[in-house]
Participant: 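After the structure tokens below, expect a handful of questions from me.
All heavy atoms count here, side chains included; hydrogens, waters and symmetry mates do not. Just so it is clear: chains get the letters A, B, ... in the order the sequence lines come, proteins before strands, and each one is counted from 1. Values in this document were obtained by computation on a predicted structure and should not be read as measured data.
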Protein chains: 2
Amino acid sequence: MTTRRDHLVETALKLFYMNGFNATGIDRILAESGVAKMTLYKHFRSKDELILAALELRDQRFRTWLEAEIEQATDDPEARLLALFDALETWFRGEAFKELGFSGCAFINAASEFADQSHPAHQLSAEHKQRVVDYLERLCRDAGLSDPVGMAEQLALLKEGAIATAHVRNHPDAARRARQMAQTLIAAARST
Amino acid sequence: MTTRRDHLVETALKLFYMNGFNATGIDRILAESGVAKMTLYKHFRSKDELILAALELRDQRFRTWLEAEIEQATDDPEARLLALFDALETWFRGEAFKELGFSGCAFINAASEFADQSHPAHQLSAEHKQRVVDYLERLCRDAGLSDPVGMAEQLALLKEGAIATAHVRNHPDAARRARQMAQTLIAAARST
DNA sequence: AATAAAACAGACAGGTCTGTATAAATGTCA
DNA sequence: TGACATTTATACAGACCTGTCTGTTTTATT
């Protein structure tokens, strides 16, 4: 029965994502979740460990959501590459994770706050990004593209650019622009 | 003679950029700069104001550097669009702002820590991004592209994607990939 | 050299932070 | 019901934070 621990991580993720890691105190997480402080420190050795648990939850949740969104959009392998950007747009508009809204990418945010490359949270963020690239590579392979690795990296780069643009400048339509660019790039890759 | 104030803002920018805004205490900035606390509060009403001053300095410095880098690279208007990504690569490799190294984009970082869109630091970040887009639009116009506004937005999106990728995943070669993508997209735009 | 402005050092207040200690309350399961 | 583990409430330590206050020293101007 880890329901107490889970509830804690859930609340932590929400507050960390919406207000930042350093700016969110433990007391706030405890108050919001209704969990006692000693319970937190029974499950986690430190706040840092809680942060890591929250990011791991986010990684799992986000990738599950993204893959489902893409795969239920269409069966056509090439159309799935574009469906990525449709998914992004619903995310940017706050329709994906209703209780969280959209505050950029939790992992870009983590890498910002924990700038040191060797920090566990930064490393975990890099791993998350890599996992997404790996998934995109699979999609590119399914679409029969000649350079699935390269195209996956291209799509990932467009995705990161769209996220940053949507967040910093509050331009959710960056997803549509990225989609258009992806279309052009895929067409160019196909004709080689 | 604002040399004392300038030195303070300079030190603040360095520490904020390398270690984050919330994680950097005022005492550290004072110790590193050798400025007394009362001097800080004579020039700024609060830490937030110091943060804004540091970001304004960064905006000015970064854009000056970027424009110089592009304009001294070549006189060919179209080649300048690609020179953007060469500049990014030297930045990612830590050769641009020697004393700062590379810790991502200060404005993406600021938007991460101050997630609220109405926060002055977030707004200033959005303005910085917009100014860069405006500059790129000028370059696109000089290159005689048919849709300078749209292409500037595309290049900016590639730039943001490259920055995020270079920082989070520690992939400075993202600049080169973005350059390649830009080339393809420009070619596609020219042939319409 | 005299006067005014600026920067200095350092203590301090009041608050917040993480993490620990203690003891009461709650729930679980035999 | 009784034994046991988990969670709770609350107080606390020690560190750090921002911002203020006081008084001294340095710097600039005339």
Participant: Starting at CZ of A:Phe44 and ending at P of C:dT20, how long is that distance when rounded to a whole Å?
Facilitator: 15 Å
Participant: Indicate whether OP1 or OP2 belonging to C:dA7 is found under 4.0 Å from a side-chain N or O atom of B:Arg5.
Facilitator: no
Participant: Let me know the distance between CE of A:Met38 and P of C:dA24, rounded to the nearest Å.
Facilitator: 16 Å
Participant: Rounded to the Å, how far apart are A:Arg45 CZ and C:dT20 P?
Facilitator: 11 Å
Participant: Would you say B:Arg28 places a side-chain N or O within less than 4.0 Å of OP1 or OP2 belonging to D:dC17?
Facilitator: no
Participant: Got a sec, which pairs hit salt bridge (Lys or Arg N to Asp or Glu O under 4.0 Å) with one end in residues 90-110 of chain A, sequence neighbours left out?
Facilitator: A:Glu89-A:Arg93
Participant: Which donor-acceptor pairs under 3.5 Å do side chains of residues 132-150 of chain A form with protein atoms, sequence neighbours excluded?
Facilitator:
unit_1	atom_1	unit_2	atom_2	d
A:Asp134	OD1	A:Gln130	NE2	3.1
A:Tyr135	OH	A:Glu71	OE2	2.6
A:Glu137	OE2	A:Arg141	NH2	2.4
A:Asp147	OD1	A:Gly150	N	3.0

Participant: Is it the case that over 12 heavy atoms from other parts of the model lie below 6.0 angstrom from the NZ atom of A:Lys47?
Facilitator: yes
Participant: From the list D:dT18, C:dT20, D:dT8, which nucleotide is the closest neighbour of the side chain of A:Ala36?
Facilitator: D:dT8
Participant: Ignoring backbone atoms, test whether B:His43 places a side-chain nitrogen or oxygen under 4.0 Å from the OP1 or OP2 oxygen of C:dA7.
Facilitator: yes
Participant: Under 4.0 Å: is that the gap between some side-chain N or O of A:Thr39 and OP1 or OP2 of D:dT8?
Facilitator: yes
Participant: Would you call B:Lys37 and B:Asp27 a salt bridge, taking side-chain N to carboxylate O under 4.0 Å as the test?
Facilitator: yes
Participant: From the list C:dT18, C:dA9, D:dT8, which nucleotide is the closest neighbour of the side chain of A:Val35?
Facilitator: D:dT8
Participant: Without decimals, in angstroms, what is the distance between A:Leu30 CG and C:dT18 P?
Facilitator: 9 Å
Participant: In whole Å, what is the span from the CD1 atom of B:Ile26 to the P atom of C:dG15?
Facilitator: 18 Å
Participant: For A:Arg131, is there an ion pair with A:Glu127 - N to carboxylate O distance below 4.0 angstrom?
Facilitator: yes
Participant: Taking the side chain of B:Arg4 as its heavy atoms from C-beta onward, which of C:dA7, C:dA21, D:dT7 lies nearest to it?
Facilitator: C:dA7
Participant: Nearest-Å distance, CG (B:Leu40) to C1' (D:dC21)?
Facilitator: 16 Å
Participant: Using whole Å, what does the distance between atom C1' of nucleotide C:dG10 and atom CG of B:Asp27 come to?
Facilitator: 12 Å
Participant: Report the nucleotide, chosen from C:dG19, D:dG19, D:dT8, that has the shortest atom-to-atom distance to any side-chain atom of B:Ser46.
Facilitator: D:dG19
Participant: Return the value, rounded to whole Å, for the distance between atom OH of B:Tyr41 and atom P of C:dC8.
Facilitator: 15 Å
Participant: Assign B:Lys42 to base, sugar-phosphate, or nothing according to its heavy-atom contacts below 4.0 angstrom with the strands shown.
Facilitator: nothing
Participant: Just compare D:dT7, D:dT20, C:dT18 and give me whichever is closest to any side-chain atom of A:Lys37.
Facilitator: C:dT18
